[in-house]
Amino acid sequence: MNVLVMREVSRDHGTGPNVVHALRGVSLHVAPGEFVAVMGPSGSGKSTLLTLAGGLDTPTAGQVLVEGTDLGSLGTAARAALRRRSIGYVFQDYNLIPTLTAAENVMLPRELDGVRTRRARREALDALAEVGIGELADRFPEEMSGGQQQRVAIARALVGERRLVLADEPTGALDSRSGEEIMRLLRARCDAGAACLMVTHESRHAAWADRVVFLRDGVIVDSTGAPTGPESLLEDVR
Amino acid sequence: MSIRHGILALLSQGPRYGYQLRAEFEASTGATWPLNIGQVYSTLARLERDGLVAKADADAEGRFVYRITPDGEEEVRRWFATPIAPADRPRDELAIKLAMAVTTPGVDVRAVVQTQRTATLRALRDLTRLKADAPPLPADAADASWRLVLESMIFQAEAEVRWLDHCEAFMTRLALERRPAAAQTGPEAEAARPDERPEVRR
Ligand SMILES: Nc1ncnc2c1ncn2[C@@H]1O[C@H](COP(=O)(O)OP(=O)(O)O)[C@@H](O)[C@H]1O
Ligand SMILES: [Mg+2]
């Protein structure tokens, strides 16, 4: 089963003569283990696509399914719960809470989900170790470099075995070496079974994905296709 | 690509058989530019003719060992010390194609750009997989030099995509400036005419 299915998804902003069609009838599937990059000019609808995939925004038309559940069929509370359980979000500016340590930032969504503090901390330390910064668990964001903060954000997105990772320009503020390390991390998570959808304007980073889709004026205009046969053939059957 | 200088550089490390030169050249470049043995021997023959390489007598198995001459050593030093002049590189077919696309009526420049961008990204992805699969540190000198060749191709592909992005943005801006009336009607008018191709003033 695909982790993410978007069917004929559209998103309009405003009404009447001022309407902006941010996304028009976009269909996209992301399978477990698949890493998909989204590229396109500024204003082409990349961030809109990601917020819809993550249930942070609602489509004007079409369906978004995460692990088989139609987000449109859920109430606010159920949608928030599914988001915390299944979806990890990584933003360009990390979005860490400055008054919390690295470990506390990673623990937060789990505690909100009712996981006990002890266990949440254990998970957070494991997640931080996995992204290579286990020793920085008790530092505050301002005591870390940009690359380290982004690793914390990724650990937060991955903790609790979330299956769908959404990343909007996650390497935007990083130097090329840190950027590549972030790509290696996301690649490894996908190879371990997660599905990842990443917006980037850097082809060097998009090249870590299995597939690159190109957006223009809210429409997918092209795709590189997957590197090898069987998985991409399966996708068309679904 | 200078096979001639590549072979000379290998011979500057000591005498070698033709088949050895081929294997070492390919190891250093990760078989990016596969050589056939015929190319190696025809290059050696020209180097010998030019006095840069000398051939020893055949060994018991009839194979020849080649060694570099002092003139050859000098040529290798000169090669490493001299930057490659732009004029010595092959013409960029893609730049020529884009230039022609812009001036040829009825060609959809955006489609030419997108087709190339997708193809280049596919190539970039395949190169990146090679890089991702390699161990973090190169095992030996040949492995290290292959990494550099690989990175060179990654940088070139990346530069090509950036240039294509630039071309597209440039053409879009040009089209908007040419159509002040259409620009006022907003993005809808733009989208309704996907086939319209801007003309370039000379
Ligand atoms: N909240 C909003 N209100 C009005 N227009 C919006 C809003 N969010 C996005 N847009 C418009 O939708 C289009 C797509 O935006 P976005 O998805 O942010 O593009 P990208 O991430 O590719 O730069 C743009 O034209 C943008 O101006
Ligand atoms: Mg954006």
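Heavy-atom basis, side chains included; hydrogens, waters and symmetry copies ignored. Letters A, B, ... are given to chains in the order of the sequence lines, protein chains preceding strands, and every chain is numbered from 1. Here the structure is a predicted model, which means the values were calculated and not measured.
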Would you indicate whether [X], at its atom [atom1], is surrounded by more than 12 heavy atoms from other residues, nucleotides or ligands within a distance under 6.0 Å?
| X | atom1 | answer |
| --- | --- | --- |
| B:Arg67 | CZ | no |
| B:Ile96 | CD1 | yes |
| B:Glu93 | CD | no |
| B:Arg162 | CZ | no |

Check each atom of [X] against the heavy atoms of chain B and say whether the ones under 4.5 Å are side chain, backbone, both or neither.
| X | value |
| --- | --- |
| A:Ala37 | neither |
| A:Met39 | side chain |
| A:Arg204 | both |
| A:Ser223 | backbone |

Nearest heavy-atom neighbours spanning B:Leu121 and A:Ala206 |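 Looks like CD2-CB, 4.2 Å.
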
Nearest heavy atoms of B:Glu158 and A:Ser203, plus distance in Å =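 Heavy-atom minimum between the residues: CG-OG, 3.5 Å.
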
Kindly indicate whether the side chain of A:Thr224, heavy atoms from C-beta on, has any atom under 4.5 Å from the side chain of B:Arg125.
->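 In short, these two side chains touch, coming nearer than 4.5 Å.
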
A:Arg187 vs B:Arg129 side-chain heavy atoms within contact, under 4.5 Å =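 The answer is yes; the side chains approach within 4.5 Å.
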
Once you round to the nearest 0.5 Å, how far does CD of B:Glu168 lie from CZ of A:Arg216?
->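 Separation between the atoms: 5.0 Å.
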
